[in-house]
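Single-structure report; data block below.
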Amino acid sequence: MSCCLLEFCRVQELKAVREFLFQNQQNNPSLEDKKTENELAWDDSDWGSWDNPEAKEDSSGTTTGVEEDSAAVSAPWLQDCVVSLSPCSDLMVVAKDHKAVFLSAKWRTDDGGREEMTLAVSWSGTLSTEEGESVSSVICIPLASQKRSSTGRPDWTCIVVGFSSGYVRFYTESGVLLLAQLLNEDPVLRLKCRTYEIPRHPGVTEQHEELSILYPAALVTIDGFSLFQSLRACRNQVARAAAAGSEVVHPPPLAYKKWGLQDMDTIVDHSSVGIMTLCVFDQMKNASILGGFHASVKGSPPAMSQYITVGGGPYTGFYYAIEGSSQPLLSHVALAVASKLTSALFSAASGWLGWKKQSEEEPTQKQKPKVEPATPLAVRFGLPDSRRHGEFICLSPCNTLAGVTDDFGRVTLLDVGRGIAIRMWKGYRDAQLGWVQVSEGRGERESSPSAPLPRRHAQFLVIYAPRRGILEVWGTQQGPRVGAFTVGKHCRLLYAGYRLMGVNSVTSQGWLLHTQQVCLFDPATGALRTVTVPFHLALSDKKSERAKDMHLLKRLTTLLKSREVEPDILESEAQSALLDIKHPAVKKQALESLLANKNAPVSCLTNITRVLLASLKGQDPEAVDEVLFQMCSSQLKLLQLYTDIQQLHCTREATTDSHTEPTEVAGIEEELARVSPTLQRYAELTSGSRPSVSFAQDSPDASLPVQSFLSQMECEGEEIRVVPGPNADWTQLGSFLFWGCLTGESPLQKVCNTLQKTGISPQQLLSLLLSVWLHREKEVLKKTEAVRHLHTLLTALSSMKGAVEESWDMQCVSPWWQQVRSACVQSHSSAAALLAAIVAHRAAKANITILAETKFQSEWEAVSLELEQWAVCVRQLEDVLSLQTLLCVPPPQGTPGSATPHCSVKALLEGGRGGIADSVAKWVFRQDLAPERLKDMLQRRGEAESTGQPSQPEQGREKRLLVSVCQRFPDSLSPDLLFAHCCWEYVVQWNKDPEEGRYLCWAVEHLKLVSSPHIQLGISSMMWNTFIVKCFSAAAFLIEKVGKAPKDRLCRRDVGMGDCAMTSFLGSCVQLLQILMEADSGVEEVTPPELCVEEVWGGAEGPASIAELALEQKGVHYPLVQHHYLLASLLHTAMTFSLRVKPLSLFDSKGKNAFFRELSSIQLMPSGDMDPGLVSLRQEFLLRVLTGWVTTQREAVEGPGSGDKTWPSLCLDLGLLLQVNPDLLRRHLVCELYNQGLDPRAEQVMFEVEDKDVLGSQLLVLTGQRLSYSLLHTQTQTRPAMELLARLPPTLCTWLKAMDPSELGCPSVPLSQTSRLVSRLIEILPENHGQYSLALHLLEAVEALQGED
């Protein structure tokens, strides 16, 4: 609770910053080294010996270390730079001459894992644009966000740079120039900013935002609101220009006021105080002094802007400019004349005040036309001191005080309102100033009997004296020094004095402005530190009791932080400090710090708390603070409990199982033997499935620190309670209390008795026991005796007072055992939950038997609702364990793996009736099981169930586990339900990654395996509406737009998948619509299936399963589905054979309008004969499909594959639907097959052709082309062929020469095939056909050729 210096950020890459800014000087290193040595020597000789006279002699030996030497050499460079830090501490600018470096905030993780902020270089470069100019002043102004959701963080930060040429330029954080303006031709001396502050009292004038720029003889002010709007507009315009690649439009110049500051010899710094209003007396006094006896006085005092300047002649000057007027201040006084004339009274007053006005006027410089002249503003009064020259002025946050430094090494405190110096500090040469404003804590004044007083604010002046390397904090106005810190001699004190620009009284409501007030930058380490001052330091003096308490608290905190202190010393020191503290609130804070300290041992904490409690008991009861007393007594009780439990765990006594009866143990052993195979499989899968990393401090075996124990327990009166917290804490606390008992290393009964005496409720102890049991499952499964100890513990806890109610009716559910069941059904540790349930079931049964004997005195077995609940719970947990074992099977290598899902009874019940099938479907996807393989597994399960034989071990682990799970869930995992969920899982995964066409293909395959047409129909409709139709329509429109099979890039852009994936997708669409039509046809013949669920899982509540949703779907309109099937087939063929087609253009307007509508809706479909033009287009497309298919068949014959033989039949089916003559398609297919030399296939298709005459004519031409190629167009014509050609009839010879063999796909066909083809021709053509004789001639020619060969 004292003044402190906290590091909040660290600047990175300082060496790179220095090298960039000082490149020129590095060319001459000896000069810089010499200069550096001189500076350091001067510092040591002049100032270093103030505090220590021997420092001069020792100085040579103190800087021998490498680190100190490097720091000393590297540090002074920053003093030659212009440095500015944004008040939000997220941007720093370092500039020298014409270069600048911008450093932006970045978060990084340190070695300890903590997030810390750093400033790293984000931009570096040259800022000046005119020759010879250099940076003279920089400020960073954060601009507030205009969004409603903003909470006070800046939207962006503008860097304002003043140059020696008089230019002021505005940049973004990335160094982009937004705006530049020449406001005066002199160098810019200082840039300062004032932002909006919420008025503290109703009477305070609300100050406007403002940017002020000081020149040697002028002051320019720019209104903050207009500047904010201009900068936002410029930034948006620059961003748009950059995005469009166009030229940046130069913005209009900024509106500003320019005052020519008169009557001061030199001005080096200024401060804009803001608008002030004089009281009536001051107004009349000023008017009479300045205007004489006849001066007129306005009725209302004018609002004036006050400016304070520092420099020389006078040392400090006060200027006042009337608001809303660009004229000098004297314009409101009667008989005022131009600024050249001055009244005699004023000139006389000048002499009295200590300075005379210069009679010689400096010749005015030639100004450029665009630089506006300044409005003269005379000084009102000042602090004259002819030899003292001011260097720097720093205004306080409340605008009432200002600190001024001068060349005499003094710091002066000014009262801004009265214009007087009220305090002066000596011995601060080259001092740097800043202010810290602290608000009173909210709770410190609420105890006042009257209405709550407004919060008070305290101002502290921060002075950094670089010559002495000390940072001091002083209370104002006449307060003591409240803090002093030894820092480096080359630091920079960075004080902005403003916050966010663009804030007003409306937008700042509810904002928490994240701004630092004062920052100290140390270039040797790169650390940025801020000063924090508690409010009470403004109130207390050295004799204050509270201040003494704070000092003791600080001493105690320092003691607790040091790790090398011996426990005995720590105990004695802490005890004396605690007893010496008087104030109860501080004493409570000190005790809390002590108890939270990790280094203090338990014995030390216990002794100190006991002594403190004894001292409180010895005081007057009325004077003792009740809260502190309660805290001491409760913490002592908790410490005693911790010590007792710790000692019991250290005794290592053997446990006695007196409470576990042999019959109970035998019952548990039988249950364990029954579930042991499943437990063994589960343990094998969970223990070695995948390696994992764990940390020693997070391990449950790690001893629980006393601090954690105290934070998790609370004591009220005689009762101790466990504080609700995260599961990890409960497990750690439970392990501390019970793990030794479960492993048999601690005396179980003694631990239970100790806990019972403390008054902790049995219910909380039960929760802790179950928490540790369920969370340490792997260790529990390895320790076989742990189950027996758990039974003993449960029995012992049940027998505690308040556990099982004595008035419990056995026909009702006991809250005690219900708590155990709730923990088991919610747990994801299936094996541990099952073991706990088996043990609790036995313990509950024994409990009920004892109650029944005492109540009824009979030998009848007690039947109760409680035991029924336990039977159901155990059965559910066995089912879940079996399912979890299956889910733990690791996926094969190379498949999309993910974290093993965990299920619990509660999760399955809340997952609805389809939750179990959904879990298994996700497992099927992870295992990458093909649909056929899954079908084979389920068929084996059916065979195993019918024959009563278990599945063979050689079928693999997955099969065995899947079969066992399906046997436990015969209804929830019926084949139809499982296939339906697998189908849905695969289509969901395809939707996440459409490139994986296999997922959609397998989804359709799973859908085919569903036997119920009702479920098939519903799931098909849901798939179509949810996932397919959007991509399908996009693909159709894309192919229609392109007019052919689109390239990969277009497919990805419009449909979201590549061209290969789109082909596969369209094929799956064809199959899906086919399934939809078949299911719609089969629905009428079959009754809808009844969806059942196992008896123990009948209470499932949650979302409806996929099968239930499927049965609720509407029926479909068959013609509309067929219509979409047609389009899907056309799209698929176009993509498969890369054909040119506009698919939607093959339909009339009715057909186009019907596409992509709800499949259940009744649409106006095309009917009757189609337009012949459309039919011819369709026919042409189908003929091209057949040509494409035959070409692929030829390639398949030549290559290794066999080709897909389903396309011809598909084209014929499509031909019927598209009103294209199927016989024409068959003829074309025959001709194409012969054309490609596939004669055997052509002969098979020829039998189905009806119009043999036309086919004969077509084949005749094809035969002629073959013969023409053999006789006329071969490269090596044989002599017999030439002789044969000469013997042929002239008509045949002429006909053959007219043939064009280049149309043949495969011209070189064996003569035997051509001979067979001609024989077929003779059979086909009737004798009265016009070309019959030509066919006979061809036959003779072929036979002759064969004879020659």
Are [X] and [Y] close enough that some pair of their side-chain heavy atoms sits under 4.5 Å apart?
X: E958; Y: W923; result: yes
X: E878; Y: V874; result: yes
X: Q707; Y: L605; result: yes
X: V963; Y: M937; result: no
X: M713; Y: L733; result: yes
X: V787; Y: W773; result: yes
X: L790; Y: L769; result: yes
X: H791; Y: T795; result: yes

Can you list the steps and then say if K561 with N599 is a side chain to side chain contact (heavy atoms under 4.5 Å, CB included)? CA-CA 8 Å; K561 281 180 182 175; N599 301 328; over 6 Å; no
Please identify each residue that fulfils ring pair (Phe, Tyr, Trp, His ring centres under 6.0 Å) with F709, with sequence neighbours left out.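 F709 satisfies ring pair (Phe, Tyr, Trp, His ring centres under 6.0 Å) with Y642, F736 only.
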According to salt bridge (Lys or Arg N to Asp or Glu O under 4.0 Å), who are the partners of K922, at least two apart in sequence or on a separate chain?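 Counting only residues at least two positions away or on another chain, K922 forms a salt bridge (Lys or Arg N to Asp or Glu O under 4.0 Å) with D918, E985.
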Under the salt bridge (Lys or Arg N to Asp or Glu O under 4.0 Å) rule, collect the residues that match up with E716, sequence neighbours excluded.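 R721.
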Sequence neighbours excluded and cut-off under 3.5 Å, please list the side-chain donor-acceptor pairs for residues 880-887, or say none.
{"from": "Q884", "atom 1": "OE1", "to": "C903", "atom 2": "N", "distance (Å)": "2.8"}
{"from": "Q884", "atom 1": "NE2", "to": "P901", "atom 2": "O", "distance (Å)": "3.1"}
{"from": "T885", "atom 1": "OG1", "to": "L881", "atom 2": "O", "distance (Å)": "2.6"}

With side-chain contact (heavy atoms from CB on, under 4.5 Å) as the test, pick out the partner of T758 among D644, L641, L638.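 One option only clears the test, and that one is L641.
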Name every donor-acceptor pair, under 3.5 Å, that has one atom in a side chain of residues 819-827 and the other anywhere in the protein, sequence neighbours excluded.
{"from": "Q819", "atom 1": "NE2", "to": "Q763", "atom 2": "O", "distance (Å)": "2.9"}
{"from": "Q819", "atom 1": "NE2", "to": "S767", "atom 2": "OG", "distance (Å)": "2.7"}
{"from": "R821", "atom 1": "NE", "to": "Q818", "atom 2": "OE1", "distance (Å)": "3.4"}
{"from": "R821", "atom 1": "NH1", "to": "E866", "atom 2": "OE2", "distance (Å)": "2.4"}
{"from": "R821", "atom 1": "NH2", "to": "Q818", "atom 2": "OE1", "distance (Å)": "2.7"}
{"from": "R821", "atom 1": "NH2", "to": "E866", "atom 2": "OE2", "distance (Å)": "3.2"}
{"from": "S822", "atom 1": "OG", "to": "Q818", "atom 2": "O", "distance (Å)": "2.9"}
{"from": "S827", "atom 1": "OG", "to": "S829", "atom 2": "N", "distance (Å)": "3.0"}

Out of curiosity, [X] [atom1] to [Y] [atom2], how far, rounded to the nearest 0.5 Å?
X: L781; Y: Y682; atom1: CG; atom2: OH; answer: 7.5 Å
X: R776; Y: T731; atom1: CZ; atom2: OG1; answer: 9.0 Å
X: R968; Y: S964; atom1: CZ; atom2: OG; answer: 8.5 Å
X: S904; Y: L774; atom1: OG; atom2: CG; answer: 11.0 Å
X: N847; Y: S799; atom1: CG; atom2: OG; answer: 9.0 Å
X: L742; Y: L737; atom1: CG; atom2: CG; answer: 11.0 Å

For [Y], does its backbone N or O pair with a side-chain atom of [X] as donor and acceptor, under 3.5 Å?
X: E714; Y: V723; answer: no
X: Q756; Y: M800; answer: no
X: N753; Y: Q749; answer: yes

Grab the two heavy atoms, one from [X] and one from [Y], that are nearest each other, plus how far apart they are.
X: S798; Y: W816; result: OG-NE1, 3.2 Å
X: A831; Y: L679; result: CB-CD2, 3.6 Å
X: M631; Y: S634; result: O-OG, 3.0 Å
X: L765; Y: F738; result: O-CE1, 3.5 Å
X: T606; Y: L636; result: O-CD1, 3.7 Å
X: A574; Y: L559; result: N-CD2, 4.0 Å

Give a yes-or-no answer on whether the side chains of S972 and E1094 include a donor-acceptor pair shorter than 3.5 Å.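 The answer is yes; a qualifying pair exists.
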Give a yes-or-no answer on whether the side chains of D879 and W1097 include a donor-acceptor pair shorter than 3.5 Å.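 Yes, side-chain donor-acceptor contact under 3.5 Å.
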Report, as yes or no, whether the 6.0 Å neighbourhood of atom NZ on K637 holds more than 12 heavy atoms from other residues, nucleotides or ligands.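 Atom NZ in K637 is crowded, with more than 12 foreign heavy atoms closer than 6.0 Å.
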Would you say E115 has more than 12 foreign heavy atoms packed within less than 6.0 Å of its CD?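 Correct, the count exceeds 12.
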Test: R674 and E671 ion pair at under 4.0 Å: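 Judged by the 4.0 Å cut-off on N to carboxylate O distance, R674 and E671 do form a salt bridge.
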Check step by step if side chain to side chain contact (heavy atoms under 4.5 Å, CB included) holds for L591 and C632. CA-CA 9 Å; L591 182 61; C632 286; 3.8 Å; yes
Hey, could you give me each pair passing salt bridge (charged side-chain N to carboxylate O under 4.0 Å, His left out) that has a residue in residues 591-614? Not counting sequence neighbours.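 Residue pairs passing salt bridge (charged side-chain N to carboxylate O under 4.0 Å, His left out), neighbours aside: K588-E592.
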Apply side chain to side chain contact (heavy atoms under 4.5 Å, CB included) to K617 and F629, showing your working. CA-CA 8 Å; K617 286 179 179 176; F629 186 81; 3.7 Å; yes
Yes or no on side chain to side chain contact (heavy atoms under 4.5 Å, CB included) for L755 and I645, after CA distance, side-chain angles and deciding distance? CA-CA 9 Å; L755 291 172; I645 297 290; 4.0 Å; yes
